[in-house]
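Being a predicted model, the structure only gives us computed values, none of them experimental.
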Amino acid sequence: MNLISKKPDVISGIFLSTALAMIFTQVSGVVARIIDGVVTSSFLGAEAYSAVSLLAPFTDVILWLPVFISTGSQVLCSQFTGKGNRDEANSVFSLSIILSLIIAAVLILLCIFIPHKLFEVCGVSLEEYPELYPHMLSYLQGYMFGIPAMTLIQVIGPMIVMDNNKLLFSSSAALLCISDIIGDLLNVYVFDGGVFGMGLASSIAFILQLLYLFTHFLKKNSYFTFSLKSFNLSYLSGIASAGSPTLVLRFATIFRDIFINRINLAIALSTAAVAARGMQNDINTLLFCIGLGIGKTMITMSGIYYSVNDLYGLKRLLKCAIRASILIAGGSGVIVFILANFIAGFYTSDPEIIYLSVFSIQCMAVSLAFDSVSLAFQNYLQGIQNLKMVNFMNFADRFFVPIVTAYILGIYFGSMGIMASVAVGKFILVLIIFAVVCLRKKGLPTSFEDYMFLPKNFGGAKEDNIYSQLSTLNDVKNESRRAKDFCLQHKIDSQKSELMSMLIEEIAGNIIKNGKSINNQPVSIDYRLFVYENRICLTLRDCCHKLNPVSHYDESELTKQVKEIRYFGAFNSNNIIVYLN
C-alpha cells in the first residue's frame, strides 16, 4: 500500500520511491555543508563559522551552471527515452558531461586568481569585516578541489536514477555524508587543518562519491554511456532552452542571498545576528532537499508523460507530488519547529545566538510545506516546458518576493524581521499563484486542470481515452473486449480493432503471468488506450523487474503486424508503447 492511494498505483509507486531516494540523496549532500558549519562553529569559533556561512552564495555559483545543464539534459533525455531514441539521449548525456567539466575548470581558475572578487559577489565587504577574509579564503582553497566532482555528480546522478539504479545514487550520498564526517573529525582532532581542512574534507568526500557513481557505467546494460563519438553540439540549444528555468532560478537565488546578506549585514547589531541567519540558511538548505528531491523527480517524470500526451497521467502525478510535499515537508516542519532550541544547541552555547537562532529556525519550519509544494509545481511546469510560467514563478519565488519582504520587515523589525520574511514570503507566493490562475481563467478556478497550465485539447477528448489499472488476468480479458468495442466506436476497421484487442491480451497477460514486482506487492499495470489522428496508441507501464520484452515481441507473430513498438526502462519501471495506424 502506498502513501498516496489505497489502490495499487504505478505512478504513485514510481514517484514516491524515486522522490524518497532523491530526497535522501539531496539531504546527504547538504549534510556535508551542515557538518562543516557545526564543527567549524564548535571548534573554530563563531567568527570562523560566520565567514563560512557567508560563502553560501558561492556554493550556489558552483552549482548554478551544472544544475542548469543537468536539468536541461534531464528534460531532453526523458523525452528521447520516452520516444525510444537512445542514441539521441546519449548524445545529450555526453555533451552535458563535457560542458560540466569545462565549467569546473573555469570556476577553479576564478578561485585561484580572483578570490576577493568572489567574496564581494557574496555580498561581504572586506573593508567592514576584515577579520572574516582569512577564514573565507582558507575554506575556499580547500573546497575548490572538489568542484569538478560536484559538477559531474549533478549531471550523472539524475541519469543514474532514471537508469533504474536509484539505490546506487542513494548509497553514494550516504558515502558522501560519512566521508565528510570522518574527514572533519580527522581535521579537528588529528591534522589540525583549521578552516582549510574543513573545505578539503568536503572536497575529498565529493570525489569519493563520484568514483563510486562511476561503477554504474561499468555495467553492460547501462542505458546511458559517455562517448566522444556521440558528442553533438547541435543539442546545446535544446539543453539551454529546457534548462533555462533552472538558470533563472539559480540566478535569482544567488542574487537573493547576496542582497539579503547585504541587508542583514547593514541591519545586524552583532555577529550573533549574522550567525543566526547562517544557521537558518543551513537548516533551510537541509530541509529544502525535500522539495528539491520531489522537484527533480517531477522534471523527468512529467517530461515522460507530457511527451506521450497523457493528461490523466500528468494529473495523477501532480496530485501525488503535492500530497507528498504536504505530508513529508509539513511533517518535517512540525518536528523542526518543536526541536528548534535543541537544533540551535548543536551549533553553539552562546545564549544570544541561540535565542535568535530558535526564532529563525521556527520561521523557516513554518514555510517548509509551502516551499515544497511550490517547488513541485515549478518543476512540473519545467517538465511540460511551460517556460514563461516557470520563469515567472522562479523569479517571484527566489528573488522579488523574498527581497522585498526581507527589506520591508528588516526596516521595521531588524534582523528578526529578515528571518521572519522566509515564512511571510512563501505565503505571499501562494497568493500570487492563485491570482495568476484566476487571471488566466478569467475567473475563479473550478477544477484541478485549471492549475496545470497545459495546452488546449492536450491529451485529447475524454471519450478518446481509456484508463485502467490491470491486476488480474480477468482485468486483462475485460479490457481486451472493451478495447475492441472502443476502436470500432472510433471507426477503426474490424481487423485492426481485433488486433489491438489481441495485443492487450498478449502483452498485458504476459506481464501479469510472468512479472515479478520490485516492491513485493501484487503486479499492477497502468494501462492507457488513446485514439488520435487515425492512430491508436497503447501504453502499458508496470513496476516489475525487467522482462526483456524487446526480444520477446520481436519474435511474436502478433506484434510483427504492429507499425511501431517501443520499450524503455526508467525509474525501475517497464514502459511499453504500441502504435497502430
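When the ring-ring contact (aromatic ring centres under 6.0 Å, His included) test is applied to F395, the partners found at least two apart in sequence or on another chain are F399. Among residues two or more places apart in sequence or in another chain, the ring-ring contact (aromatic ring centres under 6.0 Å, His included) test is passed with F224 by F93. Evaluation of the side-chain hydrogen bond (donor to acceptor under 3.5 Å, both in side chains) rule for T151 yields no partner, not counting sequence neighbours. Residues satisfying the salt bridge (charged side-chain N to carboxylate O under 4.0 Å, His left out) criterion with R482, sequence neighbours excluded, are E479. With sequence neighbours left out, the ring-ring contact (aromatic ring centres under 6.0 Å, His included) criterion links F434 to no other residue. Y451 meets the ring-ring contact (aromatic ring centres under 6.0 Å, His included) test with no other residue; sequence neighbours excluded.
Counting heavy atoms from C-beta outward, I328 and S372 have side chains that stay 4.5 Å or more apart. Counting only heavy atoms from C-beta outward, the side chains of L499 and L503 approach each other to under 4.5 Å. Residues D397 and K426 form a side-chain contact, since some pair of their non-hydrogen atoms from C-beta on lies under 4.5 Å apart. Using a 4.5 Å heavy-atom cutoff, the side chains of L317 and M298 are in contact.
Salt-bridge formation is not detected for the pair K477/E505: no Lys NZ or Arg NE/NH1/NH2 atom is positioned less than 4.0 Å from an Asp or Glu carboxylate oxygen.
Across all their heavy atoms, Q469 and R316 have their closest contact at OE1-NH2, 3.3 Å. Shown here for I97 and F226, the closest heavy-atom pair between the two residues is CD1-CD1, 3.8 Å. When all heavy atoms of I322 and V373 are compared, the closest pair comes out as O-CG2, 4.2 Å.
A distance of 12.0 Å separates CZ in F377 from OG in S325, rounded to the nearest 0.5 Å. Between S480 atom OG and E498 atom CD the span is 7.5 Å, to the nearest 0.5 Å.
A distance of 6.0 Å or more separates the ring centres of Y312 and Y305.
At most 12 heavy atoms of other shown residues, nucleotides or ligands fall within 6.0 angstrom of atom CZ in F370.
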